[in-house]
Amino acid sequence: MIMTSQGRKCLYWTLTAYLCLQIISFGVVHAQEQGDDVRFDYGDGPNGPAHWGDLNVNWTKCKTGKYQSPMRITPDIMVTASKLGDLDAEYSSEPVAANISINVGYAVEVKVSPNSGLLKINGVRYRPQQFHFHLGSEHKILGHSFPMELHLVHTSEEDPNVRAVIAWLFVKGEDSPFLAQFDGKLPKPDSYPRIFSLPSITLPKLEESYARYQGSLTTPPCSEGVTWTVMLWNFPTISERQIQMFKAAMPKENVRPSMPSHGRRFRIHADS
Ligand SMILES: *[C@@H]1O[C@H](CO)[C@@H](O)[C@H](O)[C@H]1NC(C)=O
Ligand SMILES: *[C@@H]1O[C@H](CO)[C@@H](O)[C@H](O)[C@H]1NC(C)=O
Ligand SMILES: [Zn+2]
């Protein structure tokens, strides 16, 4: 290709303008990060899951961790584990007070008092902190994706960095009485004030059949040392109306892609 000097100049300025735009838009993103809660997203762009590990020095586990969540649960990693025992989780049977905090379009988090429940795993006592919703399941079970996955996040009484998360997967069907408690109460995306109090929430009643594996938080900093309990069988239902209600509150995608199992097993406890 022969290029006139005019053409070369034009190409030079086009490239410069392009680079300038890149730098400017990087600056904008960076400024947002410092001033807002939005630091990562679920898109294909520079803040998406493939790059979480590079966005912050404290998030390297997102790319180097070998115990990352969620996982794709396939038959080859499933084992029956008789030693697990029944799930030892008890939540207050009385309604508890809760706060819904920050809705940045992909996260509605409901904070509860640590006294509202107790989960025991291998002698470690965990207390509930918050639960939140993923629209579309993060865990894929035997190739199935579910319309909603709820995460109940607990921390150890001894060390708040040691966590246990219970995942509750919903199948499509009737209205969920548990989710019906949020009718008309979900904050709009980016709404202020950022904390809404809920005077009374009845926490879920969990069955005893579950599976367990060692994983991580599914959002940055992707911290590991998280003991996962995935409830299996008797999946609760969510209606189309409820899916739409949550979609209106969380219009942005919030499902992290499956992470490699790296030899981990999904240990199943079936109620006998
Ligand atoms: C990383 O974590 C440390 C310790 O919590 C904190 O002081 C530091 O500001 C964090 N760095 C960034 C870039 O967020
Ligand atoms: C909810 O927020 C109020 C006001 O900040 C606080 O007093 C209360 O302890 C919070 N409750 C929970 C369960 O986090
Ligand atoms: Zn989650």
Side-chain angles (χ1 to χ4, degrees), residues 29-42 47 49 51-63 68-71 91-92 94-117 127-140 145-155 159-161 163-170 181-182 185 187 192-204 213 215-224 226-231 246 249-250 252-259:
V29 169
H30 199 69
Q32 259 176 7
E33 277 172 18
Q34 293 181 334
D36 207 335
D37 301 304
V38 187
R39 298 179 209 94
F40 64 91
D41 62 34
Y42 291 85
N47 289 14
H51 306 286
W52 287 354
D54 301 314
L55 294 177
N56 184 310
V57 289
N58 293 333
W59 297 358
T60 51
K61 274 278 181 268
C62 299
K63 68 172 176 183
Q68 289 291 294
S69 296
M71 276 207 311
Y91 297 112
S92 168
E94 300 294 315
V96 299
N99 287 332
I100 293 188
S101 60
I102 54 166
N103 179 6
V104 287
Y106 55 81
V108 169
E109 191 174 291
V110 182
K111 279 200 177 358
V112 293
S113 155
N115 300 326
S116 58
R127 295 288 184 175
Q129 301 298 330
Q130 49 101 343
F131 57 88
H132 60 266
F133 312 89
H134 294 269
L135 264 184
S137 66
E138 296 205 296
H139 289 93
K140 309 283 186 284
S145 181
F146 297 74
M148 175 179 278
E149 181 167 338
L150 181 105
H151 288 160
L152 291 142
V153 181
H154 307 70
T155 56
D159 180 353
N161 294 313
R163 298 178 180 88
V165 181
I166 296 182
W168 217 31
L169 300 157
F170 289 75
Q181 302 184 97
F182 297 95
K185 303 210 171 91
Y192 289 86
R194 296 206 139 194
I195 295 182
F196 299 79
S197 67
L198 297 174
S200 79
I201 285 290
T202 302
L203 294 170
Y213 80 96
S216 73
L217 298 179
T218 65
T219 50
C222 309
S223 316
E224 296 187 338
V226 178
T227 301
W228 278 88
T229 301
V230 181
M231 302 312 296
F246 276 89
M250 305 191 299
K252 298 184 200 162
E253 192 190 339
N254 70 347
V255 173
R256 187 188 193 192
S258 301
M259 302 302 288

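Counting starts at 1 for both ligands and their atoms, following the listed order. Below, each value reflects all heavy atoms present in this structure, side chains not excepted, and no hydrogens, waters or symmetry copies.
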Check your understanding: Which of the atoms in ligand 2, numbered in the order shown and given with their element, are less than 4.0 Å from a heavy-atom of Ala97?
Key -> 13 (C)
Practice item. Could you tell me how the ring of Phe133 sits relative to the ring of Phe246: parallel (under 30°), tilted (30 to 60°) or perpendicular (over 60°)? Key: tilted
Practice item. Among all protein heavy atoms, pick the one closest to atom 14 (O) of ligand 1 and tell me residue, atom and distance. Key: Asn56 ND2, 3.2 Å
Revision key, fill the gap. min-distance N/O/S atom, His151 vs the Zn ion (ligand 3), resolves to ND1
Practice item. For residues Tyr42 and His134, establish whether the separation of their ring centroids is below 6.0 Å. Key: no
Check your understanding: Among Val110, Leu198, Thr202, which one satisfies side chain to side chain contact (heavy atoms under 4.5 Å, CB included) with Gln181?
Key -> Thr202
Review point. Is it true that Tyr106 and Phe40 have ring centroids separated by less than 6.0 Å?
Key: yes
Point to revise | Heavy atom of Ser197, distance to ligand 2 below 4.0 Å | key: no
Revision key, fill the gap. shortest atom 9 (O) of ligand 2-to-protein heavy-atom contact is with Asn99 ND2, 4.8 Å
Revision key, fill the gap. Looking only at protein heavy atoms, what sits closest to atom 4 (C) of ligand 1 is Asn58 ND2, 4.6 Å
Review point. So, His151 versus Trp228, ring centres under 6.0 angstrom or not?
Key: yes
Study note, to complete from the structure: If you compare Pro128, Ser116, Ser113, Pro114 by their heavy atoms, the one closest to atom 13 (C) of ligand 2 turns out to be Ser113
Point to revise | Check: Cys222 and Gln68 side chains under 4.5 Å, non-hydrogen atoms | key: yes
Review point. Is atom 7 (O) of ligand 1 in close reach of the protein, with a heavy atom under 4.0 Å away?
Key: no
